[in-house]
Number of protein chains: 2
Amino acid sequence: MNDSRPIRAKRGTNHEGTSAHNRRVMIDALRINGALSRADLARATRLTKQTVSNIIEELERDGLVSSQEAVRKGRGQPSTPYRLVPEGAFAVGLQIDRHVTRAVAVDLVGSVLVRDEAGLSPGGPSQGAKVILDLVASVRSKLAGVVGQSEKRLVGLGVAMPGPFGVAGSGDDPWMMEAWQKFPLVETLTAGTGLDVDLQNDAAAAATAERMVGAAHGLDHAVCLFVGYGIGAGLILNGELYRGANGNAGEIGMALLFADGKSTPLEHRASLASLYQHLSADPADPDLHARINDLALSGDRGIDAWVEAAAVDLRWSIHLIETLFDPQTVILCGSAPEALVNKLIAAIGPLLPSIAERRGRILPRLQPGMADPWSVALGAAAGPISHAFDPRFAAILKDSL
Amino acid sequence: MNDSRPIRAKRGTNHEGTSAHNRRVMIDALRINGALSRADLARATRLTKQTVSNIIEELERDGLVSSQEAVRKGRGQPSTPYRLVPEGAFAVGLQIDRHVTRAVAVDLVGSVLVRDEAGLSPGGPSQGAKVILDLVASVRSKLAGVVGQSEKRLVGLGVAMPGPFGVAGSGDDPWMMEAWQKFPLVETLTAGTGLDVDLQNDAAAAATAERMVGAAHGLDHAVCLFVGYGIGAGLILNGELYRGANGNAGEIGMALLFADGKSTPLEHRASLASLYQHLSADPADPDLHARINDLALSGDRGIDAWVEAAAVDLRWSIHLIETLFDPQTVILCGSAPEALVNKLIAAIGPLLPSIAERRGRILPRLQPGMADPWSVALGAAAGPISHAFDPRFAAILKDSL
DNA sequence: CTTATTAAGTCAAATGTCTTGACTTAATTA
DNA sequence: TAATTAAGTCAAGACATTTGACTTAATAAG
């Protein structure tokens with residue numbers, strides 16, 4: 001009956017795929033350009049005026065776009081610009097970190113409407129899952145308080161946590177949150193919330209956030225170097241987040257550096273974890289963030305020494321990212337205190353020579369991105385929004401989620 | 001009239017895009033699985049039997065697929081498998097190297113039908129262009145001799161040459177083929193041949209070849225580490241060659257390594273160029289390839305020393321590729337003599353620990369790929385074939401070339 | 001002030017591609 | 001010999017985009 005080997009093939013598409021894509025293209029165009037008339041959209045997407053009119057009408061019925069006042073610009077009938085309706089969709093984002101978990105609710109344009117956090121006691125995932133589910137429930141009810149009907153327009157739950165995922169662990173590496181790696185988190189959250197759950201590592205989440213509302217807005221090729229408790233790269237390639245074969249692409253923190261005859265992962269040299277170790281600080285201390293900001297501002301010797309050393313590794317990381325990914329720009333972001341990020345950026349320059357030194361370059365090679373403890377949770381929430389509304393190859397194909 | 005800033009948007013799609021994609025999906029499925037019945041194709045692509053029938057009929061009319069003898073496999077009407085017709089399409093591939101240029105003609109399934117080469121005297125691009133155009137013309141006429149009607153089915157001219165492209169040059173770096181970088185090669189070849197011209201760097205071409213007929217066949221996430229006169233990585237991400245924002249993604253040869261207090265590009269340490277320098281050999285010597293193969297086989301001390309040193313850098317390169325791209329597998333390929341490649345692979349193992357060490361891994365982390373002086377030209381030719389027949393996001397969209 | 005021109009947007013019919021459901025064909029199994 | 005299973009076809013239907021003519025509403029020109 002069944003032939004020996006399974007048949008491997010890509011999926012076909014049909015009318016639904018076509019119109020789904022065209023709807024996404026409209027939303028994307030409005031997101032990038034702000035507000036556009038039907039005629040503008042038709043020209044930009046190469047679709048006909050009539051098609052655009054049909055789709056816009058449908059999007060308006062669905063509450064995703066709305067018209068603005070007509071504008072007169074020269075001869076001809078005035079055009080009616082359309083814009084995205086922020087309340088058209090919502091998503092909840094969740095950052096699971098070592099000691100805390102943060103949740104936000106965002107709208108279609110990426111504005112944060114609700115934020116809340118909870119401590120993660122060392123009870124491990126099974127206890128932690130309860131805390132997390134309560135936190136999500138709390139954010140959902142607060143969101144409902146801010147905007148009615150939000151539940152109907154909730155497109156999913158995005159989760160960000162440190163990677164890598166599914167790797168044969170070294171057994172006792174405290175940097176890897178081993179217990180969480182083995183826990184069936186996505187299944188638990190799906191069952192516990194009834195929402196579609198989208199998991200990414202925190203660097204990817206940071207990149208997703210930068211693409212929706214930050215420095216990567218409208219860019220199709222950008223890499224976010226994320227410096228948090230760990231370090232990683234979030235990859236925007238061809239206009240989509242690139243995850244790799246197993247969701248671990250960009251885990252640059254695992255890259256081994258050779259110096260002084262031994263090899264060390266980048267993560268042990270240039271990350272907040274390494275800074276905490278350098279300062280003998282307790283990562284669980286809730287005031288640590290503020291204190292490090294103050295220390296950075298006051299020119300603390302310990303901080304400066306770490307910054308100098310980390311800058312060398314970051315400079316090289318950026319060089320490597322430019323060399324391998326050839327992005328339009330590299331964005332330095334993180335959950336580090338702002339003053340520290342500023343010091344880092346100052347210390348990183350000048351950049352190493354690379355293929356990024358092109359004639360006619362427009363964007364800077366390195367740009368600062370968000371450095372806010374909440375940016376990862378925001379990026380987590382941006383995941384489901386992007387999944388639901390951004391133009392993606394997979395979204396055209398049949399049977400794609 | 002014109003609004004201030006141009007509107008940026010992705011393109012929409014329509015019926016033509018749909019059917020173009022579905023045709024490509026069929027061809028792709030046949031390429032990967034060998035031969036499939038209409039019912040198999042319908043199941044694999046999630047399209048209906050009827051749609052598949054219509055498309056197969058059309059592909060058969062176009063001479064791209066043909067039916068095989070019906071096979072009985074259990075109850076029910078016997079199925080009629082369809083396969084790709086090799087003579088359904090052809091492409092010419094061109095490798096432009098420092099001292100020679102090679103051209104091949106391949107068919108739809110990637111078989112090389114004609115090969116020819118010519119020396120590139122140091123006269124520079126303007127003289128070289130004439131040699132190249134003559135070579136292409138020669139290959140085309142030989143192809144016409146082998147198969148009639150080939151010109152009608154010629155989908156394009158693929159060109160591979162060392163990158164990077166468009167980078168603000170260091171002025172006098174002999175490794176960069178500076179003069180060729182400035183020459184309007186694509187325009188000249190388009191005008192001189194009347195064909196669509198597709199340019200990629202040689203590592204990308206090697207990856208394209210591996211994907212069509214080599215170790216990356218059917219894989220959606222694979223990286224080819226190409227060791228030739230230079231060194232580079234060809235990236236297959238999400239089933240397509242990834243080129244980066246400027247066509248320079250994967251140029252790992254430009255990566256700077258720090259050791260002994262100074263920085264050196266990887267290309268100066270692990271490439272045939274570095275080997276030639278190590279051996280004080282003349283790269284222009286036509287017998288060099290064979291001689292190095294012999295030296296490698298005979299256990300030459302100089303070769304072995306270079307292999308040991310290069311293996312360290314290659315081991316690290318593979319580690320870095322695994323860490324940043326998270327591919328299903330890494331393929332080591334090149335235009336190096338086979339005996340040398342074998343030595344290198346032996347010397348590279350064991351690999352460094354990385355996120356590629358997963359539970360339930362199926363493919364090996366490192367696989368040997370093609371190591372044939374003609375593989376780059378083959379990959380160059382595979383470019384237009386892939387462009388014309390592989391499922392690609394861009395091919396669905398309107399006005400896409 | 002009137003008319004021509006330009007551009008946005010709508011209407012209704014046509015087109016193209018996939019889908020649906022019934023049907024035919026041809027094998028194996030009971 | 002009849003029932004079952006599966007491949008493949010036929011004809012009608014569904015759906016989204018396209019086409020071309022038309023309406024609306026502004027500015028520019030005479």
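These figures come from a predicted structure and were not determined experimentally. These values consider heavy atoms only, across backbone and side chains, with no hydrogens, waters or symmetry-generated copies.
Closest approach to the A:Ser37 side chain among D:dA7, C:dG9, C:dA27 is made by C:dG9 (side chain taken as heavy atoms from C-beta onward). For B:Ala39, the side-chain atoms get nearest to D:dG8 when compared with the rest of C:dA27, D:dT9, D:dG8. For A:Thr80, whose side chain is taken as the heavy atoms from C-beta onward, the closest listed nucleotide among D:dT5, C:dA8, C:dG9 is C:dG9. In this structure, the nucleotide among C:dG9, D:dT27, C:dT28 sitting nearest to the side chain of A:Arg38 is C:dG9.
Ionic pairing of A:Asp40 and A:Lys73 is present here: one or more N-O contacts between side-chain nitrogen and carboxylate oxygen are shorter than 4.0 angstrom. Salt bridge annotation for B:Arg31-B:Asp28: absent, with no cationic side-chain nitrogen under 4.0 angstrom from a carboxylate oxygen.
The closest donor-acceptor contact from the side chain of B:Lys398 to the backbone of B:Thr13 lies at 3.5 Å or more, if one exists at all.
Rounded to whole angstrom, the span from the CE atom of B:Met26 across to the C1' atom of C:dT17 amounts to 12 Å. D:dA7 atom C1' lies 14 Å from atom CD1 of B:Ile56, rounded to whole Å. Note: CD (B:Glu69) to P (D:dA7) measures 18 Å, nearest angstrom. Separating the CD atom of B:Gln68 from the P atom of D:dG8 is a distance of 13 Å, rounded to the nearest angstrom. Remark: C1' of C:dA8 and CG of A:Leu41 are 13 Å apart, rounded to the nearest angstrom. Atom CZ of A:Arg43 is separated from atom P of C:dA7 by 9 Å (rounded to the nearest Å). Atoms CD (B:Glu57) and P (D:dC10) sit 8 Å apart, rounded to a whole Å. Rounded to whole angstrom, the span from the CD1 atom of B:Ile396 across to the C1' atom of C:dG16 amounts to 17 Å.
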*Can you give one letter per nucleotide of nucleotides 18-25 of chain C, going 5' to 3': B for a protein heavy atom under 4.0 Å from the base, S for sugar-phosphate only, - for none?*
SBB----B
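Judged by distance alone, the side chains of A:Gln200 and A:Thr208 do bring a donor and an acceptor atom under 3.5 Å apart. A donor-acceptor pair shorter than 3.5 Å can be found between the side chains of A:Thr18 and B:Thr18.
No option in B:Asn22, B:Asp390, B:Asp220 other than B:Asp220 meets the side chain to side chain donor-acceptor pair (under 3.5 Å) test with A:Lys10.
Residue-level contact check: B:Arg23 touches neither bases nor backbone, having no heavy atom under 4.0 Å from any strand.
Separation of the B:Phe325 and A:Phe325 ring centroids falls under the 6.0 Å cut-off.
Phosphate proximity of D:dA7 to B:Arg75: absent, as no side-chain N or O sits under 4.0 Å from OP1 or OP2.
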